[in-house]
Structures are given as structure tokens and as C-alpha cells.
Number of protein chains: 2
Amino acid sequence: MTTANSQARGRSTRQRTAVSSLLDEVEDFRSAQDLHDLLKQRGESVGLTTVYRTLQALADAGEVDVLRTQDGEAVYRRCSQGHHHHLVCRACGRTVEVEGPAVERWAGRIASEHGFTDVSHELEIFGTCGPCTLAARG
Amino acid sequence: MTTANSQARGRSTRQRTAVSSLLDEVEDFRSAQDLHDLLKQRGESVGLTTVYRTLQALADAGEVDVLRTQDGEAVYRRCSQGHHHHLVCRACGRTVEVEGPAVERWAGRIASEHGFTDVSHELEIFGTCGPCTLAARG
DNA sequence: ACGCAATTGACAATCATTGTCATCTGAGTT
DNA sequence: AACTCAGATGACAATGATTGTCAATTGCGT
Ligand SMILES: [Zn+2]
Ligand SMILES: [Zn+2]
Ligand SMILES: [Zn+2]
Ligand SMILES: [Zn+2]
């Protein structure tokens, strides 16, 4: 019989461990390619295809958040579990998780008022963080 | 001298007119490829490259809104001028423009609380519209 | 140690988007 | 109306992220 606790997470491999623990250390949103390069630098080389698949699996499992940069590239970040949004610095990528219960309610109400079902939403706030604001002033 | 009123909009060509007036008629978010196909159907054929360039110009001029589908494809729609958000059907693209003054205030407050400046935000609500919900039930 | 299904990764394939560049054309000028 | 030429077009190639393929590898239960 299977050891019951590994919640449909598949086998434990060197590659998955490497990707997962890298995500624990990096705190900004990063592309699959970025993460792949970082792994190579650290000598924990993992095939690019595997990086993509692992990230996808983690995203499906809700363990990482995915969003898209302005040019459509997917970027990943390990976030806290519950539903939340992001305040992201355009200059350096610094990210703060934020919550807005009122926004959640508002979105749900708007959607149902218009007869939409199976509702979800995406909300990101972009700006220039304190340090970057200072840096930009010289 | 130039006729002064054409606000840096470039020349008036058959192709640009075709794309622009197509956008007036279509009310959902559509990809460049979709719009290109629609034009072909209508006998107003326009090169795909030109469709892309025209959409980009319109987007830069703030005359169309752009957002990305879940798989990263850019979709375009002629919207009203002011700041607003969208309620979009995942299945058919049907779109409703929505406003949320409270959300605007919330986003600004959150950002300044964290020392961010030059703030903007993106907010889209996704769901299945009434007709598509019915269709999905058979 | 054994056996096999899950996993990996080099490589090819896909697909939206952008770059190239020879050709065409809008719109002033004569 | 004919002339000019910078801006515009479009067929085609190139890019770049992501996904598909499949033979070789490996985790893990036996
Ligand atoms: Zn910053
Ligand atoms: Zn939310
Ligand atoms: Zn619909
Ligand atoms: Zn807003």
C-alpha cells in the first residue's frame, strides 16, 4: 500500500526538490527560463522541460502563483496559501501580498448581477517601491 | 501645411479604416488572428502583420484595451475612454465594462501604505456568461 | 535485487508575435 | 493631372516561449 500522505504529488525526485526549494528562496516573480538558469548556476541543473512541467504542476496544486508580464511571459512565485493579490514593483519586482475582502465581495456581486457564473478574478497593483523611488531621484 | 487635426494618427488607409471599423462592430475581446480572419471573410482583407501593427498603434493611443487570455494570447477591444475594468466570459469573450470607485480607492491606499508611488492596477473578472452557462448544460 | 510505471531531458514542433525589405500609395507640391 | 517620397503594406523569415515526443533513466513498492 502507498504511504498515504504524499497527496497526489507524484514521486520525490532531485529535480522537483531543486525547483521547489529554489522557489522557497527567491521572493520575486520569475520566469521558467530564469529559474532554469538559476538552477544551472547552483549546479542543481534541471532540464528546461522539467522546470516547465514542475512549475505547471505546482501551479495546478495551488502552491505557486502565476501571472503574466506585459509581454505575455508567465512568471511564478511561491506565495501563501489563501486567496490574495499582489503589489508589485515595476522596477525591481519586489512583491507584497495583499488582501481585500471588500474587493472580493464587490467582484462576486458585479458578476452575479450580470448573470455570470463560475467567477474568478485577477487583480494586481503595480507601482514603484520606496527604495526604487529614491533611486530614481538620484 | 498639414491639416492640423489628424492627431499624430498617421495616414488614412483602407487597411486602418477596415480594422478600426471592425473594432466598432465587434463587442468582445478578440485576438489579432480573429480580427484578421473576420476581415478576410468580409472581403476587406488586410495583411496579418498590418493588423498587428494597427492594433498596437491603437493600443498605444489608448483607443483600444488589451488584455491577455489565460494562455497568454493578447486580445483587443474598443472600449469607452475612461478608466474601467472588465467582466469577461471565458467561453465566448462577451465583455461588460464595470467600474468600482471603492476598488480604486482601496488600491491607492494599499500602495501608499507600502510606500509605493506611481501606482496603477489591473483588474479583470472572469466567468461564464448566462448564455454560455446554459449551453454548457446541454 | 527486481520490475515497471512515473519521470526526465534532448530535441522537434507549435504558435503568437516581431523583424525584414521590396513594393505600393496617400497626400502634398508643382 | 503628373511628380515625389516618406509612410504604409504584406509576404516571408525569424524569434522566443511553451508544449509534444519518446527513448533512456529512476523512484519505490515488492
Ligand atoms: Zn522596487
Ligand atoms: Zn481576490
Ligand atoms: Zn459567454
Ligand atoms: Zn481601476
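In what follows, every chain begins at residue 1, and chains take the letters A, B, ... in the order their sequences are listed. The basis for the numbers below is simple: all heavy atoms, side chains too, and nothing from hydrogens, waters or symmetry mates.
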Inset, instruction - Output all residues satisfying salt bridge (Lys or Arg N to Asp or Glu O under 4.0 Å) with A:Arg105, sequence neighbours left out; order by chain, then residue number. - result: none
Short heteroatom pairs, N/O only, protein and nucleotides 25-27 of chain C, under 3.5 Å:
unit_1: C:dT25; atom_1: O2; unit_2: B:Arg11; atom_2: NH1; d: 3.3
unit_1: C:dG26; atom_1: N2; unit_2: B:Arg11; atom_2: NH2; d: 3.3
unit_1: C:dA27; atom_1: OP1; unit_2: B:Ser12; atom_2: N; d: 3.3

Inset, instruction - Looking at every strand, decide which applies to B:Arg16 at a 4.0 Å heavy-atom threshold: base, sugar-phosphate, or nothing. - result: sugar-phosphate
Legend entry - Nucleotide C:dT8, atom P - distance to NZ of A:Lys40 in whole Å: 17 Å
Legend entry - Backbone of B:Gln70 reached by a side-chain donor or acceptor of A:Arg68 within 3.5 Å: yes
Inset, instruction - Between A:Leu48 and B:Leu48, just flag the one whose closest nucleotide in DNA chain C comes earlier from the 5' side. - result: A:Leu48
Legend entry - Partner set under side-chain hydrogen bond (donor to acceptor under 3.5 Å, both in side chains) for B:Arg77, not counting sequence neighbours: B:Glu97
Legend entry - Polar side-chain contact A:Arg53-C:dG9 base: donor and acceptor under 3.5 Å: yes
Inset, instruction - Only pairs at least two apart or in different chains count here, so list each salt bridge (Lys or Arg N to Asp or Glu O under 4.0 Å) that has a residue in residues 115-135 of chain B. - result: A:Arg90-B:Asp118
Inset, instruction - Please write out which residues are connected to B:Tyr52 in a hydrophobic cluster, directly or through intermediates, given that two of Ile, Leu, Val, Met, Phe, Trp, Tyr count as joined at side-chain heavy-atom separations below 4.5 angstrom. - result: B:Leu48
Inset, instruction - Enumerate the residue pairs fulfilling ring pair (Phe, Tyr, Trp, His ring centres under 6.0 Å) with a member in residues 57-82 of chain A, sequence neighbours excluded, ordered by first and then second residue. - result: none
Show me, pair by pair, the donor-acceptor contacts under 3.5 angstrom made by side chains of residues 26-35 of chain A, not counting sequence neighbours?
unit_1: A:Ser31; atom_1: OG; unit_2: A:Asp34; atom_2: N; d: 3.0

Legend entry - Set of residues satisfying side-chain hydrogen bond (donor to acceptor under 3.5 Å, both in side chains) with respect to B:Glu63, sequence neighbours excluded: B:Arg9, B:Arg78
Inset, instruction - Report the residues that fulfil side-chain hydrogen bond (donor to acceptor under 3.5 Å, both in side chains) with A:Glu104, sequence neighbours left out, ordered by chain and then residue number. - result: A:His83, A:His85, A:His121
Legend entry - Side-chain N or O of A:Gln15 closer than 4.0 Å to phosphate OP1/OP2 of C:dT7: no
Legend entry - End-to-end axis angle, where each axis spans five pairs of the helix from C:dA1-D:dT30 to C:dT30-D:dA1, to 10°: 30°
Are any protein N/O atoms closer than 3.5 Å to N/O atoms in nucleotides 14-17 of chain D? If there are, list each pair with its distance.
unit_1: D:dA17; atom_1: OP2; unit_2: A:Gln33; atom_2: NE2; d: 3.3

Inset, instruction - Applying side-chain hydrogen bond (donor to acceptor under 3.5 Å, both in side chains), name anything that partners A:Ser12, two or more places apart in sequence or on another chain. - result: none
Legend entry - Pair B:Thr133-B:Thr128, side-chain donor/acceptor within less than 3.5 Å: no
